[in-house]
Amino acid sequence: QVQLVESGGGSVQAGGSLRLSCAASGYSVSRRCMGWFRQAPGKEREELASIYTGDGNTDYAGSVAGRFTISQDSAKNTVYLQMNNLQPGDTAMYYCAGGDPLIYCRRYQREPFPYWGQGTQVTVSS
């Protein structure tokens, strides 16, 4: 059974940092596209970052580029999202998503990721 479990969310003040983790079980993060998304109340889900773990190629939304960094640790079967200079507008539920083996991230620009975590809440106060 595939499980993606996010952790590391919490409450921080503006300008602070958090590192989110996405630990996979029943699923290898190797040579897959992995992504981070967020959804705030009343807003659409937003893709933040993706990484193809086969070659480390990354992509970021303009709203987080330069502040957020996606990375992987294949030995721990975990993907991370380092978030710096957090602002109140970053407040949302954050989700990890995973793709099928050897499918590049551009596929998931036009179809949904097949695997999702339950989310972790990030709250940023001013």
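Computed from a predicted structure; not experimentally measured.
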**Request:** Could you please spell out the steps behind the side-chain hydrogen bond (donor to acceptor under 3.5 Å, both in side chains) verdict for Ser50 and Asp59?
**Result:** CA-CA 5 Å; Ser50 63; Asp59 193 24; 4.8 Å; no
**Item:** Ser28 and Asn77: CA distance, side-chain angles, deciding distance, side-chain contact (heavy atoms from CB on, under 4.5 Å) verdict
**Value:** CA-CA 6 Å; Ser28 171; Asn77 209 29; 4.1 Å; yes
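Side chains of Asp73 and Thr78: a donor-acceptor N/O pair is absent below 3.5 angstrom, by distance only. Counted by atom type alone, Ser71 and Gln82 present zero donor-acceptor pairs between their side chains at under 3.5 Å.
A heavy-atom distance below 4.5 Å is found between the side chains of Tyr95 and Glu6. The closest side-chain heavy-atom distance from Phe37 to Met93 is not below 4.5 Å. Residues Ser63 and Arg38 form a side-chain contact, since some pair of their non-hydrogen atoms from C-beta on lies under 4.5 Å apart. Here the side chains of Gln3 and Ser25 are in contact, with some heavy-atom distance below 4.5 Å.
Among residues two or more places apart in sequence or in another chain, the side chain to side chain donor-acceptor pair (under 3.5 Å) test is passed with Arg67 by Asp90.
The minimum heavy-atom distance linking Pro88 with Ser125 is given by the pair CG-C, 4.3 Å. The two residues Gly15 and Gln87 come nearest to each other via the heavy atoms N-NE2, 3.9 Å. Taking each heavy atom of Tyr108 and Gly99 in turn, the nearest pair found is OH-CA, 3.4 Å.
Hydrophobic cluster of Tyr104: the remaining members, joined at side-chain heavy-atom separations below 4.5 Å, are Tyr52, Leu102, listed by chain and number. Grouping Ile, Leu, Val, Met, Phe, Trp and Tyr by side-chain contacts under 4.5 Å, direct or through others, puts Val122 with Val2, Leu4, Val12, Leu18, Leu20, Tyr27, Val29, Met34, Trp36, Leu48, Ile51, Tyr60, Val64, Phe68, Ile70, Val79, Leu81, Met83, Leu86, Tyr94, Tyr115, Val124.
In Gln39, the CD atom is crowded: over 12 heavy atoms of neighbouring residues, nucleotides or ligands sit closer than 6.0 Å. Within a 6.0 Å sphere centred on CD of Glu111, other residues, nucleotides and ligands contribute more than 12 heavy atoms.
No donor-acceptor distance shorter than 3.5 angstrom exists from the side chain of Ser21 to the backbone of Ser7, with no hydrogens or angles considered.
Taken to the nearest 0.5 Å, the CD atom of Gln72 stands 12.0 Å off from the SG atom of Cys22. Between the CZ atom in Arg31 and the CD1 atom in Ile103 there is a gap of 12.5 Å [rounded to 0.5 Å].
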